[in-house]
Amino acid sequence: MNMNIELLTEAEIATLRENIINANRIVICCHKSPDGDALGSSLAWAEYLRTQGKEPEIIVPDAYPDFLQWLPGSERIIRYDKHAADKADALFKEAELIFCLDFNGTDRVDEMCDALEQSPASKIMIDHHLDPRMDTVLTVSFPHISSTSELVFRIIWQMGGFEEMSRKCAACIYCGMMTDTGGFTFNSNQPEVFFIVSQLLTKGIDKDKIYRNVFHNFSPWAIRLRGYLMSQKLNVFNDLHASYFTISRRDMRDFHFIKGDAEGLVNEPLKIKGMRLSISLREDDRRDNLIWLSLRSVDDFPCNKMAAEFFNGGGHLNASGGRLQCSLAEAERVVRRALAQYEDLLTK
């Protein structure tokens, strides 16, 4: 017997159908520094819309990791940072419908923000982050769901589109679900997650190859960088069950850093016995005094709360991010203050 994985009301499905039917010029966009879920959900949703006779354009704010360039359809993606003036701005101006996938506010698209906000198109959000804050004709927001890619699958299923789903679409959805759960190691205890995986497998995807494409796709320099960071830059606070490490511009230069080389590394210190929280700090490679932070935790430690309070960020209970406008040294001091502030929760 099929598990009930439907999320939307009949009225919401009707709104979604009506907007798709009535729009000829459709844009799909996602957040800055697109990850596997942002790209997977966008590419999968575009595949579904093509089955409905539409030809959507996918616009992303900037570069995405090299290990995601195998995703089916990624060659069609338009990067806003490269093609704003000659193509992307015009697409936003001419769009009749924009799908905003895997982000909860226009601040998450950075340089693309004005083009998105000023577009006259109707907007539909499909997202799993807390606190949606956009003016839309439909907001599909379910923070308890593992990933936006899972949401896309559930919507396609509810819209009756599963039978027509291609292997390419299924591969993109699986990649998004896999990457946003760390290979199904967090936020993935719901039985619906594995029911969906079982259905995706019926489309002929090779889940083992998808895993290798994403997690076993580093250059020799990237492996050397990761070893260096863990051996020389990791700060462990055994009494607090927490750790952090930094990645400086010099580190990136010395190890020929490309986007994605440190992907998932923030999870590595959580392998230390008793560790509850891991934080990475990375200098922006272009803008001075801009530090990007990633936080990962286990059990019930609220790294999203810490990210919001100290790092101008947010996210999920066990996976969050933020940014600080300061030097790397000052950012380290902020992290240490945050750890001290959360000592009771870290050591309980």
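Not measured: the values here are computed from a predicted model.
In the displayed structure, Glu75 atom CD is contacted under 6.0 Å by more than 12 heavy atoms of other residues, nucleotides or ligands. Heavy atoms of other residues, nucleotides or ligands lying less than 6.0 angstrom from CD of Glu330 number more than 12. Residue-environment remark: CG (Asp135) stays at or below the threshold of 12 foreign heavy atoms within 6.0 Å. Shown here is Arg76, whose CZ atom has no more than 12 heavy atoms of other residues, nucleotides or ligands within 6.0 Å.
Legend: salt bridge (Lys or Arg N to Asp or Glu O under 4.0 Å) pairs involving residues 218-242, not counting sequence neighbours, sorted by first then second residue: Lys233-Asp251. Legend: side chain to side chain donor-acceptor pair (under 3.5 Å) pairs involving residues 300-314, not counting sequence neighbours, sorted by first then second residue: Arg276-Asp300, Asp300-Lys348, Glu309-Tyr342.
For the pair Lys203 and Phe162, the cation-pi test (distance below 6.0 Å, angle within 45°) is passed.
Contact annotation: the side chain of Thr139 never approaches that of Met134 to less than 4.5 Å [non-hydrogen atoms, C-beta and beyond]. Counting heavy atoms from C-beta on, the side chains of Phe301 and Leu317 never come closer than 4.5 Å. Looking at heavy atoms from C-beta onward, Leu229 lies out of side-chain contact with Thr246 at the 4.5 angstrom threshold. Within the 4.5 Å cutoff, side-chain heavy atoms of Asn19 are placed close to those of Thr15. The side-chain heavy atoms of Asp127 and Val140, taken from C-beta on, include no pair separated by under 4.5 Å.
Taking the six-membered ring for Trp and the full ring otherwise, the centers of Trp221 and Tyr228 sit at least 6.0 Å from each other. Separation of the His216 and Tyr211 ring centroids falls under the 6.0 Å cut-off. No close placement of the His144 and His128 rings is indicated, their centers lying 6.0 Å or farther apart.
The two atoms that bring Ser42 and Ile58 nearest to each other are O-CD1, 3.7 Å, heavy atoms only. Listed here is the closest heavy atom pair of Phe186 and Ala319: CE1-CB, 4.3 Å.
Looking at residues two or more places apart in sequence or on another chain, you find a side-chain contact (heavy atoms from CB on, under 4.5 Å) between Thr9 and Ala11, Glu12.
Here the options are Arg79, Lys259, Arg286, the test is salt bridge (charged side-chain N to carboxylate O under 4.0 Å, His left out), and the partner is Asp62; only Lys259 passes.
Tyr244 and Glu332 form a side-chain donor-acceptor contact under 3.5 Å, judged by distance and modelled atom types alone. Under the 3.5 Å distance criterion, with hydrogens and angles disregarded, no donor-acceptor pair is assigned to the side chains of Glu96 and Ser122. Judged purely by distance below 3.5 Å, without hydrogens or angles, the side chains of Ser146 and Glu150 pair a donor atom with an acceptor atom. Using modelled atom types, one finds a donor on one side chain and an acceptor on the other under 3.5 Å when comparing Trp292 with Asp284.
Classified by interplanar angle (parallel below 30°, tilted 30° to 60°, perpendicular above 60°), the ring pair Phe184/Phe194 is tilted.
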**Asp107/Arg133 under salt bridge (Lys or Arg N to Asp or Glu O under 4.0 Å): CA gap, chis, key distance, verdict** = CA-CA 10 Å; Asp107 56 306; Arg133 50 186 185 278; 3.0 Å; yes
